[in-house]
Student: 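Can you keep this structure in mind? I'll have questions shortly.
Starting from 1, each residue takes its place in the sequence as its number. Everything numeric in this text was worked out from a predicted model, so none of it was measured.
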Amino acid sequence: MSISTLMLLGFVLGVGLSIWKMSAFLPTKQLHDDDTTKEAIEELEQFILKVIHETEGKLEGKKLCEAIKNHTEFNKELFWRFNENKLRKFLQSHFLKNPHLSSVREIYEDLKQKL
């Protein structure tokens with residue numbers, strides 16, 4: 001065998017070994033507290049709407065966020081990252097999906113009509 005063949009073989013083995021070592025750091029299963037899955041996001045959205053309905057749309061911003069976090073049915077283990085920014089992101093998304101709505105009070109009125 002020539003030196004170039006040995007070098008190529010060594011390179012291929014080195015790359016293979018590197019990829020095998022890096023695979024240990026790649027996620028292989030979903031974490032139990034992963035709140036970024038589609039199911040978790042839908043659960044959080046439904047829960048936020050439930051709290052808005054229970055508070056009759058009277059709370060906004062920080063107070064609404066605290067009401068959600070302090071609710072007895074709030075899953076603190078799954079949604080431990082929930083904060084005011086996530087609430088704002090949800091509201092913006094909800095307003096984009098429902099252009100006829102522009103406030104928490106209007107979300108409540110819309111929910112009241114649907115029930």
Student: Is there a side chain to side chain contact (heavy atoms under 4.5 Å, CB included) between D110 and H100 once you walk through the steps?
Tutor: CA-CA 10 Å; D110 191 51; H100 62 285; 3.7 Å; yes

Student: Does the side chain of T55 reach to within under 4.5 Å of the side chain of K63, using non-hydrogen atoms?
Tutor: no

Student: So do F95 and I107 actually touch side chain to side chain, heavy atoms under 4.5 Å?
Tutor: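 Counting from C-beta outward, I107 and F95 do come under 4.5 Å.
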
Student: Parallel, tilted or perpendicular: which describes the rings of F47 and H71, with under 30° parallel and over 60° perpendicular?
Tutor: perpendicular

Student: Flag the pair R105 and E109 as a salt bridge only when some basic side-chain nitrogen lies within less than 4.0 angstrom of an acidic carboxylate oxygen.
Tutor: yes

Student: Nearest 0.5 Å, please: how far is CG in L96 from CG in L101?
Tutor: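 Atom-to-atom, L101:CG and L96:CG are 11.0 Å apart.
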
Student: Where the side chain of N75 meets the backbone of L78, is there a donor-acceptor pair that is under 3.5 Å apart?
Tutor: yes

Student: Under a 3.5 Å distance rule, please check whether N83 uses its side chain to pair with a backbone N or O of K86 as donor and acceptor.
Tutor: yes

Student: Run F82 and L44 through side chain to side chain contact (heavy atoms under 4.5 Å, CB included) and show every step you take.
Tutor: CA-CA 9 Å; F82 182 77; L44 181 61; 3.9 Å; yes

Student: Decide salt bridge (Lys or Arg N to Asp or Glu O under 4.0 Å) for E84 and R88; before the verdict, give the C-alpha distance in whole Å, the side-chain angles of both, and the deciding distance to 0.1 Å.
Tutor: CA-CA 6 Å; E84 199 173 346; R88 265 191 241 121; 3.6 Å; yes

Student: If every non-hydrogen atom of I48 is compared with every non-hydrogen atom of F90, which pair is closest and at what distance?
Tutor: CG2-CE2, 3.4 Å

Student: Can you see which heavy atom on G61 is nearest to which on L87, and at what distance?
Tutor: O-CD2, 3.6 Å

Student: K50: what forms a salt bridge (Lys or Arg N to Asp or Glu O under 4.0 Å) with it, not counting sequence neighbours?
Tutor: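 Only E73 meet the salt bridge (Lys or Arg N to Asp or Glu O under 4.0 Å) criterion with K50.
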
Student: According to a 4.5 Å side-chain heavy-atom criterion applied to Ile, Leu, Val, Met, Phe, Trp and Tyr, with indirect links allowed, do I19 and F11 form part of one hydrophobic cluster?
Tutor: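 They do share one cluster, since a chain of ILVMFWY contacts under 4.5 Å joins I19 to F11.
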
Student: Of all heavy-atom pairs between L49 and L111, which one has the smallest distance, and what is that distance?
Tutor: O-CD1, 3.5 Å

Student: Please report the interatomic distance CD(E66) to CD1(I68), rounded to the nearest 0.5 Å.
Tutor: 9.5 Å

Student: Between the side chain of S18 and the main-chain N/O of G14, is any donor-acceptor distance below 3.5 Å?
Tutor: yes

